[in-house]
Amino acid sequence: MKRIFLPLSDVDLSGLKAGDAVFLNGIVYTARDQAHKRLVKLLKSGRRLPFEIRGAALYYCGPTPAKPGKIIGSCGPTTSSRMDAFTPALLKAGLKAMIGKGRRSKEVIGAIKKYKAVYFTAIGGAGAFLSRRVTASALTAFEELGPEAVRCLRLKDFPAIVAVDPGGRSVKGW
C-alpha cells in the first residue's frame, strides 16, 4: 500500500494509477450535497470559500455525532454521483482530491483529467471502522446543515483505492 499525504503535491499526483491501494494521511474536508451546493454558490458569486480549496481534498461524508470520549461517530463515504453536478466547478477552483463511493459521470472524469486531480473510493458500509482512522475533527462551516456541515478531519492511514487517476483512467469496469 502506498502512503499518501494530503494535501497532495503534483509529484504525489503523478505517481497515482487507477487501482492503486493507498493509505491517506493528512487533512480532508467533509462535504455532502447541501454543502456542495453552497460552495459552488459562493464560487459563482465571487466570495471566498470557508477553507482553502486549492490543493484540498473533499470527503463525501456526513459523520454521525461522536460518542463521549470519541473524536467522531461513524464516518463512511456517501454516493459520489450525488456531487457530480457541482464537482467540475470545484475542480476548476483548485480541488485536487475527492473520497467517496461509486462511479462518477463522464463529465466529472473529464474534469479530473483536465485539472489533474484524483478520485479515491473508500469502503462503503464500514463507517465505524473508518472512524478509527480519524485523529482529529473540527467544525469548519455551515453548522446549520447538521451532519452535512463542512468538517476538517485529520486522517491517519485511511484505506482507499484510486478509482480515477489524474490521467482520467478508471478502475476496471467503470
Side-chain angles (χ1 to χ4, degrees), residues 1-4 6-8 10 12-41 43-44 49 53-64 74-131 133-134 142 145 147-151 153 155 157-174:
M1 295 265 275
K2 292 182 179 179
R3 184 163 272 121
I4 303 296
L6 304 168
L8 288 165
D10 288 339
D12 293 331
L13 274 169
S14 67
L16 295 175
K17 303 291 181 223
D20 285 350
V22 298
F23 282 130
L24 300 175
N25 292 275
I27 299 297
V28 298
Y29 294 93
T30 63
R32 291 182 46 159
D33 318 42
Q34 290 304 311
H36 272 70
K37 185 175 181 179
R38 288 188 185 192
L39 292 170
V40 170
K41 187 175 180 179
L43 283 174
K44 286 182 177 178
L49 298 184
I53 191 78
R54 293 196 181 281
L58 289 180
Y59 181 24
Y60 303 150
C61 170
T64 62
S74 180
C75 62
T78 196
T79 304
S80 300
S81 61
R82 293 166 35 190
M83 272 53 76
D84 281 358
F86 308 107
T87 299
L90 294 171
L91 290 167
K92 183 178 180 182
L95 178 68
K96 282 297 180 186
M98 299 149 285
I99 307 163
K101 68 177 182 182
R103 297 176 184 213
R104 305 310 301 261
S105 68
K106 288 181 182 179
E107 291 77 19
V108 168
I109 292 172
I112 288 170
K113 183 177 179 180
K114 180 177 181 179
Y115 298 111
K116 301 296 180 211
V118 63
Y119 169 55
F120 298 103
T121 188
I123 306 164
F129 168 76
L130 293 172
S131 71
R133 304 303 176 107
V134 176
F142 313 141
L145 295 179
E148 291 202 31
V150 174
R151 300 191 71 79
L153 305 182
L155 305 180
D157 290 340
F158 186 97
I161 294 172
V162 176
V164 181
D165 69 27
R169 293 173 295 269
S170 305
V171 291
K172 187 174 181 176
W174 282 28

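Side chains are part of it too, since the values below use all heavy atoms of this structure and drop only hydrogens, waters and symmetry mates.
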Exercise. State whether the number of non-hydrogen atoms from other residues, nucleotides or ligands found under 6.0 Å of K2 atom NZ is greater than 12.
Key: yes

Quiz prompt | Flag side-chain contact, heavy atom, 4.5 Å: C61 against I99 | solution = no

Exercise. Using a 4.5 Å cut-off on heavy atoms from C-beta on, say whether the side chain of T87 contacts that of R104.
Key: yes

Practice problem: Could you tell me whether the side chain of S74 and the main chain of T64 form a donor-acceptor pair under 3.5 Å? | Solution: no

Quiz item: Any side-chain heavy atom of M1 sitting closer than 4.5 Å to one from V22?
Solution: no

Quiz item: So do H36 and L58 actually touch side chain to side chain, heavy atoms under 4.5 Å?
Solution: yes

Quiz prompt | D84 side chain reached by E107 side chain, heavy atoms, under 4.5 Å | solution = no

Quiz item: Between T30 and A149, is there a donor-acceptor pair closer than 3.5 Å when you use the side chain of the first and the backbone of the second?
Solution: yes

Quiz item: Are the side chains of I53 and L39 in touch, meaning some heavy atoms are under 4.5 Å apart?
Solution: no

Quiz item: Around K41, counting heavy atoms of other residues, nucleotides and ligands shown, do more than 12 lie under 6.0 Å from its NZ?
Solution: no

Practice problem: Please confirm whether R38 makes a cation-pi placement over F142, using NZ or CZ under 6.0 Å from the six-membered ring centre and within 45° of the ring normal. | Solution: yes

Quiz item: Do any N or O atoms from the side chain of Y119 and from the backbone of S80 form a donor-acceptor pair under 3.5 angstrom?
Solution: no

Self-check item: Heavy-atom closest contact (L91 atom, A111 atom, distance)
Solution: CD1-CB, 3.7 Å

Self-check item: Atom pair OG1 (T121) and OH (Y60), whose distance is rounded to the nearest 0.5 Å
Solution: 11.0 Å

Practice problem: Can you measure from CG (D33) to CZ (R82) and round to the nearest 0.5 angstrom? | Solution: 4.0 Å

Practice problem: Working to the nearest 0.5 Å, report the span between NZ of K113 and OG of S170. | Solution: 10.5 Å

Return a table of donor-acceptor pairs under 3.5 angstrom between the side chains of residues 157-168 and protein atoms on other chains or two or more places apart.
residue, atom, partner, partner atom, Å
D157, OD1, R3, NE, 2.8
D157, OD1, R3, NH2, 3.0
D157, OD1, N25, ND2, 3.3
D157, OD2, R3, NH2, 3.0
D165, OD1, G167, N, 2.9
D165, OD1, G168, N, 3.2
D165, OD1, R169, N, 3.1
D165, OD2, A18, N, 3.1
D165, OD2, R169, NE, 3.1
D165, OD2, R169, NH2, 3.4

Practice problem: Not counting sequence neighbours, which residues clear ring-ring contact (aromatic ring centres under 6.0 Å, His included) with F120? List them please. | Solution: none

Quiz item: How close do S131 and C75 get, heavy atom to heavy atom, and via which atoms?
Solution: CA-SG, 3.4 Å

Practice problem: Could you grab the distance from atom OG1 of T78 to atom CE of M83, nearest 0.5 Å is fine? | Solution: 5.5 Å

Self-check item: Any donor-acceptor pair under 3.5 Å from K96 side chain to K116 backbone
Solution: yes

Quiz item: Would you say I112 and V118 make side-chain contact, with heavy atoms under 4.5 Å?
Solution: no

